[in-house]
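Just so you know, ligand 1 is whichever comes first in the structure, and atom 1 is the first atom listed for that ligand.
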Amino acid sequence: GFTKVASEQILTQAAAADPWAFGVLRYFNPAGAHPSGLIGEDPSDIPNNLMPYIAKVASGALPHLNVFGNDYDTRDGTGERDYIHVCDLARGHVLSVQKLLSTDEGHVVNLGTGQAYSVLEMNTAYGKAAGRDLPYVIAPRRAGDVPTCLADVRKAKAVLGFETHFGLDDMCRSSWNWIETQARS
Ligand code: UDP
């Protein structure tokens, strides 16, 4: 987080000294794959991020999800994040570049949905897409995790006209489709 803030400060100060327009797109939690099943994420190591980890449990490569803490002050006690479909995220980049090309003004915006889902909600939703309940165990909290993180999406809408088109089920379905497409090829 600090490195991201520092990067934004460097850009802001550089632009103050010698005006130029830049766009900062703050990614929340990218998830899912291209609906074609041709572009997706396939980490070769054990994934650190939630959705690729769940995908490996669904494919049988990992035995179960470790849920990092279920005693947070959240709806079900597990961590909540703002997951955004990678195709929505990609469209945010197009809108950002179009804006930079059509005006002299830069922008700093959040790219998220404004809606947070918990770890257990993610696991259940992915299980629905994969057609079976996915095993998990409750594990200790991961150091440095915050209970909830979600985007205030108002500025992205006002400045770029950005709105997301895809929801959690689309993220899970497209991710699972990508895994199955790879398994077939
Ligand atoms: N998480 C989890 N098990 C995992 C990976 C992640 O319970 O194997 C939880 C994590 O504690 C957080 C959420 O899932 O509450 C999202 O984690 P991720 O690393 O994907 O994103 P970040 O925490 O960087 O926003």
Side-chain angles (χ1 to χ4, degrees), residues 1-9 24-34 39-93 108-130 132-156 162 164 166-179 182:
F2 280 119
T3 56
K4 291 175 183 172
V5 171
S7 307
E8 288 187 11
Q9 284 171 346
V24 169
L25 307 178
R26 297 174 176 162
Y27 292 17
F28 276 67
N29 290 64
H34 192 266
I39 313 172
E41 187 180 12
D42 182 18
S44 49
D45 289 342
I46 294 182
N48 290 317
N49 293 120
L50 182 63
M51 190 176 269
Y53 199 104
I54 295 177
K56 291 227 183 256
V57 174
S59 71
L62 291 169
H64 57 74
L65 171 68
N66 296 299
V67 176
F68 296 149
N70 67 346
D71 56 354
Y72 285 106
D73 185 14
T74 59
R75 286 192 301 277
D76 62 19
T78 67
E80 296 172 339
R81 297 289 184 275
D82 185 334
Y83 297 93
I84 175 170
H85 194 295
V86 288
C87 293
D88 279 325
L89 197 58
R91 214 164 29 74
H93 291 68
V108 179
V109 297
N110 296 333
L111 294 185
T113 65
Q115 155 98 50
Y117 290 102
S118 74
V119 177
L120 292 179
E121 286 167 343
M122 290 294 285
N123 199 51
T124 302
Y126 206 102
K128 213 168 84 189
R132 69 183 177 98
D133 286 345
L134 300 177
Y136 65 88
V137 298
I138 304 298
R141 289 183 178 197
R142 183 173 65 178
D145 270 355
V146 293
T148 301
C149 180
L150 79 160
D152 181 336
V153 295
R154 287 173 295 185
K155 195 170 161 200
F162 177 75
T164 52
F166 300 107
L168 182 58
D169 287 341
D170 301 307
M171 295 177 219
C172 295
R173 260 199 310 268
S174 61
S175 166
W176 183 237
N177 178 46
W178 152 249
I179 302 277
Q182 276 196 308

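No side-chain donor from either of N70 and T78 sits under 3.5 Å from a side-chain acceptor of the other.
Protein heavy atom closest to atom 23 (O) of ligand 1, with residue, atom name and distance, is R142 NH2, 3.0 Å. For atom 20 (O) of ligand 1, the closest non-hydrogen atom on the protein side is L50 N, 2.8 Å. Nearest protein neighbour of atom 3 (N) of ligand 1, counting heavy atoms only, is N66 O, 2.7 Å. In terms of protein heavy-atom proximity, atom 21 (O) of ligand 1 is closest to N29 ND2, 3.1 Å. The nearest protein atom to atom 12 (C) of ligand 1, hydrogens excluded, is given as R81 NH2, 3.6 Å; this is a heavy-atom distance. Nearest protein heavy-atom neighbour of atom 18 (P) of ligand 1: N49 ND2, 3.5 Å.
Selection from Y83, Y27, Y53, F68 by nearest heavy atom to atom 16 (C) of ligand 1 gives Y83.
Distances between N or O atoms of V67 and those of ligand 1 include no value under 3.5 Å. Here's the thing with E80: none of its N/O atoms is less than 3.5 angstrom from an N/O atom of ligand 1.
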Criterion side-chain contact (heavy atoms from CB on, under 4.5 Å) on L134 and Y126, from CA distance to verdict: CA-CA 8 Å; L134 300 177; Y126 206 102; 4.0 Å; yes
Test log, rule side-chain contact (heavy atoms from CB on, under 4.5 Å), inputs V137 and N66: CA-CA 5 Å; V137 298; N66 296 299; 3.3 Å; yes
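Taking the six-membered ring for Trp and the full ring otherwise, the centers of H64 and Y53 sit at least 6.0 Å from each other.
Residue contacts with ligand 1 for L65 involve side-chain atoms from C-beta outward but no N, CA, C or O (heavy atoms, distance under 4.0 Å). With a 4.0 Å cut-off on non-hydrogen atoms, N48 touches ligand 1 through its backbone and not its side chain. Residue D145 touches ligand 1 through its side chain alone, judged by heavy-atom distances below 4.0 Å. With a 4.0 Å heavy-atom cut-off, ligand 1 is reached by the side chain of V119 but not by its N, CA, C or O.
Residue Y136 places its OH atom among 12 or fewer non-hydrogen atoms of other residues, nucleotides or ligands, all under 6.0 Å distant. Other residues, nucleotides and ligands place more than 12 heavy atoms under 6.0 Å from the CZ atom of R26.
Using a 4.0 Å cut-off between charged side-chain N and carboxylate O, K56 and D42 make a salt bridge.
Between the side chain of W178 and the backbone N or O of G32, no donor-acceptor pair lies under 3.5 Å. S174 places a side-chain N or O within 3.5 Å of a backbone atom of D170 that can act as its donor or acceptor partner.
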